[in-house]
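The structure under discussion appears below in the form of structure tokens.
Not measured: the values here are computed from a predicted model. Each residue takes its place number in the sequence, starting with 1. Side-chain atoms are counted along with the backbone in the values below, which use heavy atoms only and exclude waters and symmetry mates.
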Amino acid sequence: MARADRVAALGALLFAAGEPVARERLAALLACTAEELEAALRELAERAAALGLMLLAHGETVQLATAPEHGPLIAQLFGGETGRLSPAALETLAIIAYLQPVTRAEIETVRGVDSSAALQTLLAYGLVEPRGRRPTPGQPVEYGTTPLFLERFGLPSLEALPPLPDELATLLAERRRSGQPAPSRSAL
């Protein structure tokens, strides 16, 4: 299959799927190598940007989605905006995004407060999901973000998350390792 045909077919597959598709599955459908698929994905991402779309990469899956700057217009098309997250839910989501996979106990260690309600909200919105169980005593559930998280926040991949300031990243890593509560917001 010619490169231009591969890119067009890839766009059609991702548009028709409407949800994340495994790279391995796409390569099999397009009868191409992983390298050829990556080249086609890069080209599709460039073409999609001109159409108000973006390519989302989440782990081994990719998805075609609308660009975040068109969100308000799309919300009007579908009859209104989606719900907003509380500050507690946003804080919990940020912790999960940067530290994933992370357990509820680790989230609570960083936040310094019970995070059950915020975590349930994020699960209900489909922004986070269980990723399995940690092989430690009690086998706590580990959580990570979903492709919907990337879509809602307009991120092409987790690597696009803005970097944490060095001091905050170091402090969070130390608190997570030691099991101590995070300092109050005013101390950050």
Side-chain angles (χ1 to χ4, degrees), residues 1-27 29-30 32 36-102 107 111 115 117-131 143-165 168 185:
M1 180 181 296
R3 182 184 52 79
D5 293 338
R6 182 177 298 117
V7 173
L10 177 60
L13 288 169
L14 291 174
F15 177 79
E19 60 185 26
V21 180
R23 292 171 194 260
E24 185 177 312
R25 175 94 169 114
L26 291 170
L29 288 167
L30 296 171
C32 67
E36 291 170 329
L37 177 65
E38 291 306 314
L41 286 168
R42 283 191 298 277
E43 187 171 336
L44 179 61
E46 291 174 18
R47 289 186 191 183
L51 298 172
L53 302 171
M54 64 186 294
L55 202 59
L56 303 178
H58 192 270
E60 288 302 309
T61 64
V62 291
Q63 177 181 10
L64 197 58
T66 56
E69 60 267 21
H70 303 298
L73 189 58
I74 294 167
Q76 288 178 15
L77 174 66
F78 290 107
E81 258 187 62
T82 57
R84 299 215 180 260
L85 295 174
S86 69
L90 284 171
E91 188 176 89
T92 301
L93 183 58
I95 292 165
I96 294 169
Y98 281 99
L99 301 180
Q100 63 186 301
V102 63
I107 295 166
R111 289 192 67 224
S115 299
L119 187 55
Q120 288 305 313
T121 298
L122 296 171
L123 287 164
Y125 275 103
L127 298 172
V128 300
E129 65 186 0
R131 290 283 175 86
Y143 296 95
T145 57
T146 65
L148 184 60
F149 163 77
L150 296 176
E151 182 180 340
R152 293 288 191 256
F153 286 86
L155 299 169
S157 68
L158 290 173
E159 288 76 31
L161 284 168
L164 288 173
L168 183 57
R185 288 180 197 221

Any side-chain to backbone donor/acceptor pair from [X] onto [Y]? Under 3.5 Å, distance only.
X      : Y      : value
Ser86  : Ala89  : yes
His58  : Phe149 : no
Glu151 : Leu56  : no

Check your understanding: OG1/Thr145 to CG/Leu150 distance, rounded to the nearest 0.5 angstrom?
Key -> 6.0 Å
Check your understanding: If you round to the nearest 0.5 Å, how far is CZ of Arg25 from CG of Leu30?
Key ->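 If I round to the nearest 0.5 Å, the distance is 10.5 Å.
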Point to revise | salt bridge (charged side-chain N to carboxylate O under 4.0 Å, His left out) involving Glu60 - partner list, sequence neighbours excluded | key: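 With neighbours one apart ignored, the set is empty.
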Exercise for review: Only counting residues at least two apart or in another chain, list the ones meeting salt bridge (charged side-chain N to carboxylate O under 4.0 Å, His left out) with Glu129.
Suggested key: Arg131
Study note, to complete from the structure: Closest non-hydrogen atoms of Gly144 and Gln100, given as atom of the first, atom of the second and distance, are CA-OE1, 3.2 Å
Review point. Can you name the closest pair of heavy atoms from Ala118 and Ala88 and give their distance?
Key: CB-O, 3.9 Å
**Study point:** Side chains of Val21 and Leu13 in contact at under 4.5 Å (non-hydrogen atoms)
**Key:**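 Contact flag for Val21/Leu13 side chains = no.
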Point to revise | Close side-chain approach of Leu55 and Leu64, heavy atoms under 4.5 Å | key: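 Leu55 vs Leu64: side chains touch.
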Review point. Residues in side-chain contact (heavy atoms from CB on, under 4.5 Å) with Leu164, at least two apart?
Key: Tyr98, Leu168, Ala169, Leu172
Review point. By side-chain contact (heavy atoms from CB on, under 4.5 Å), which residues pair with Glu36, not counting sequence neighbours?
Key: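 side-chain contact (heavy atoms from CB on, under 4.5 Å) check on Glu36 returns Arg6, Cys32, Thr33.
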I'd like a table of donor-acceptor pairs (distance under 3.5 Å, sequence neighbours excluded) in which one partner is a side-chain atom from residues 38-50, with atom names and distances.
from: Glu38; atom 1: OE1; to: Arg23; atom 2: NH1; distance (Å): 2.9
from: Glu38; atom 1: OE2; to: Arg23; atom 2: NH1; distance (Å): 2.6
from: Glu43; atom 1: OE1; to: Arg3; atom 2: NH1; distance (Å): 2.4
from: Glu43; atom 1: OE2; to: Arg3; atom 2: NH1; distance (Å): 2.9
from: Glu43; atom 1: OE2; to: Arg47; atom 2: NE; distance (Å): 3.4
from: Glu43; atom 1: OE2; to: Arg47; atom 2: NH2; distance (Å): 2.7

Listed pairs under 3.5 Å, donor-acceptor, residues 153-162 side chains, sequence neighbours left out:
from: Ser157; atom 1: OG; to: Glu159; atom 2: N; distance (Å): 3.3
from: Ser157; atom 1: OG; to: Glu159; atom 2: OE1; distance (Å): 3.0

Study note, to complete from the structure: Test side chain to side chain contact (heavy atoms under 4.5 Å, CB included), reference Leu10, set Leu37, Asp5, Leu29, output is Leu37
Point to revise | With Tyr125, the side chain to side chain contact (heavy atoms under 4.5 Å, CB included) member among Val128, Leu127, Leu123, Leu122 | key: Leu127
